[in-house]
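Every chain is numbered from 1, with letters handed out A, B, ... down the list of sequences. Just so it is clear, the values below take in all heavy atoms, side chains as well, and ignore hydrogens, waters and symmetry mates.
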Amino acid sequence: MKNLHPVIKIKSFATGKSVKISEKTLEKTQMATEFFSDIGNMAIFIKEIFKETFSRDFEFKEFLRQCYEIGNKSLPLIAITGAIMGVVLTIQSRPALEDFGAVTMLPGMVAISIIREIGPVITALILAGKIGSGMGAELGSMKVSEQIDAMEVSATNPMRYLVVTRVLAATFMVPILVLFADGLGLFGSWVGVNIKGDVSIVLFLSQAFSSVEFIDFFPALVKSFFFGSVIGIVGCYKGYNAGRGTESVGVAANSAVVLSSLLVIVVDLIAVQITDMIL
Amino acid sequence: MKNLQKEPVPTISMEEKPGRKMIEIIGLKKGFNNQEVLKDISLQLFSGENLVVLGKSGSGKSVLIQCIIRLLVPDAGSIEVLGKDVNSLNRYELDELRKKIGFLFQSGALYDSMTVKQNLEFPLRRIRKHLTEKEIKEKVNEVLENVGLADALDKMPSQLSGGMRKRISLARTIVIDPSIMLYDEPTTGLDPVTSDEISALINEVQKKYKTSSIIITHDIECAKATADRIMMLQDGEVYLEGNINDFENSTDPIIKSFFK
Ligand SMILES: Nc1ncnc2c1ncn2[C@@H]1O[C@H](COP(=O)(O)OP(=O)(O)OP(=O)(O)O)[C@@H](O)[C@H]1O
Ligand SMILES: [Mg+2]
């Protein structure tokens with residue numbers, strides 16, 4: 001058989017004999033090692049964040065500024081996505097319900113999907129792209145240009161000033177933005193219903209909320225908090241631990257988006273399991 | 001031509017006896033991965049003096065002063081700053097010590113997201129917490145005038161030229177009245193005229209605020225203009241230490257290549 005990958009000889013730790021492995025294997029091993037050390041370092045990072053969050057001098061002003069930044073910057077994006085999501089979901093669901101002659105169920109069904117799942121997850125994914133990459137790039141470039149060191153020598157704990165404020169701001173703002181997206185999603189859905197029918201907003205809402213209960217809101221809200229902290233932590237971690245060259249800023253921003261999007265989905269999976277078990 | 005050679009500084013701060021050790025480093029060692037950068041460095045900085053550290057690019061000069069302020073932790077050796085062992089301090093004690101040290105970064109390290117004014121206020125508000133708004137304003141204006149950029153107050157760092165950035169970061173460093181200054185290549189990348197101005201500023205700071213300074217550079221003109229004492233690093237060790245005459249009259253090829 002043809003040898004596809006170049007082979008390298010290395011000395012085995014255990015036996016001292018030299019063994020042959022392909023370059024590809026070696027690369028995979030390195031990737032795995034990096035992945036696991038990344039997780040380990042992130043655990044230490046989270047521990048550090050907790051420690052600094054409950055320290056005496058909380059940077060309240062900076063925290064408010066970050067909340068404002070996150071909210072202000074993402075609001076239009078979230079609004080448009082939320083509304084379109086509602087319209088599309090309604091149009092797509094209509095034929096299926098029509099087959100059963102259950103078009104009156106349309107608002108309720110769409111409301112449940114938006115509030116339980118689509119609202120939080122789509123919002124979180126968009127924010128992972130928007131604020132995750134923003135934090136990765138901002139902290140990354142601060143790291144590369146020694147601004148974080150400059151804070152450090154100004155007797156300011158950058159972990160407290162930069163990281164804790166951002167993580168908490170993301171944790172608080174993401175659920176708020178999710179609620180906002182839910183609201184606009186419902187509005188979009190009302191518009192969607194009215195494309196082929198004539199339903200007043202009052203009737204629409206009463207139809208929608210006849211199927212939605214508190215039990216639908218609560219888990220979604222809790223998981224949005226987790227989405228927010230995941231986005232904040234990953235964005236800050238990647239930026240704060242950027243390498244020394246300018247290219248590492250791009251790497252930090254990019255990997256922040258990839259990892260936080262992935263983790264949002266994973267957290268969602270876990271959250272669904274837990275909700276399912278409890279309720 | 002203007003003689004850049006520095007006149008000796010006659011008086012040193014009243015309460016600080018001349019000869020008091022501000023910084024003492026013994027047997028400092030620092031490496032990264034497999035690369036040994038500093039092998040065995042010992043140095044002392046005395047009260048009121050300007051110590052110039054020379055060395056070619058990559059010889060570990062920046063690493064040396066980053067160890068002094070514990071941005072990097074050395075592999076071995078002891079560093080005492082103002083009588084305190086830097087590496088055994090806790091976070092609070094370290095912050096207290098750092099409040100007395102000014103650090104001029106090689107890259108300037110101005111905060112991109114803040115205006116010049118906010119950049120200067122940042123260390124003031126965090127280190128001199130008791131100052132009133134009026135005092136902060138006065139202090140900011142004073143240092144900006146010292147560096148000759150009083151009108152740059154509301155500019156963003158991205159709107160400044162390289163030389164202006166250097167001067168603003170110098171202003172941000174001296175705004176807290178540090179008793180020790182660490183300059184990392186204050187004149188690199190600047191034209192000769194601006195370099196001379198920065199060198200003059202360094203001497204002014206020394207006189208006006210009675211600071212003791214370590215000046216890292218490979219700019220000989222700056223070294224001549226500011227040094228009370230010079231030290232040269234080579235291969236991670238101290239190659240020669242002395243005053244400017246010792247260096248200029250040296251027949252050693254490595255030193256001659258610097259001072260040609
Ligand atoms: N944080 C770090 N991680 C890994 N290597 C580093 C780090 N800091 C410095 N080095 C390495 O240490 C060596 C000395 O770097 P340093 O920045 O001290 O040089 P320098 O004398 O200041 O040079 P220059 O005059 O160009 O500024 C370089 O080879 C550099 O790659
Ligand atoms: Mg350097």
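When heavy atoms are compared at a cutoff of 4.5 Å, B:Leu110 approaches chain A solely by way of its backbone atoms N, CA, C and O.
Under the side-chain contact (heavy atoms from CB on, under 4.5 Å) criterion, A:Val222 pairs with A:Phe218, A:Phe226, not counting sequence neighbours. Residues satisfying the side-chain contact (heavy atoms from CB on, under 4.5 Å) criterion with A:Val264, sequence neighbours excluded, are A:Ala124, A:Leu125, A:Phe227, A:Ile231. Here A:Phe60 pairs with A:Phe58, A:Phe63, A:Leu64 under the side-chain contact (heavy atoms from CB on, under 4.5 Å) rule; sequence neighbours left out.
Taking all atoms of both residues into account, the shortest heavy-atom contact from B:Ala171 to B:Leu120 is C-CD2, 3.7 Å.
The 12-atom threshold is exceeded at CZ of B:Phe32, counting heavy atoms of other residues, nucleotides or ligands nearer than 6.0 Å.
For the side chain to side chain contact (heavy atoms under 4.5 Å, CB included) test with B:Val86, the passing option among B:Ile23, B:Ile68, B:Leu97 is B:Leu97; the others fail.
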Between these two chains, chain A and chain B, I want each donor-acceptor atom pair under 3.5 angstrom written on its own line with its distance.
residue: A:Glu59; atom: OE1; partner: B:Arg126; partner atom: NH2; Å: 2.9
residue: A:Glu59; atom: OE2; partner: B:Arg126; partner atom: NH1; Å: 3.1
residue: A:Glu146; atom: OE1; partner: B:Ser107; partner atom: OG; Å: 2.6
residue: A:Gln147; atom: OE1; partner: B:Asp112; partner atom: N; Å: 3.2
residue: A:Gln147; atom: NE2; partner: B:Asp112; partner atom: OD2; Å: 2.8
residue: A:Met151; atom: N; partner: B:Tyr111; partner atom: OH; Å: 3.3
residue: A:Glu152; atom: O; partner: B:Arg98; partner atom: NH1; Å: 3.3
residue: A:Glu152; atom: OE2; partner: B:Arg91; partner atom: NH1; Å: 3.2
residue: A:Glu152; atom: OE2; partner: B:Arg91; partner atom: NH2; Å: 3.4
residue: A:Glu152; atom: OE2; partner: B:Arg98; partner atom: NH1; Å: 3.2

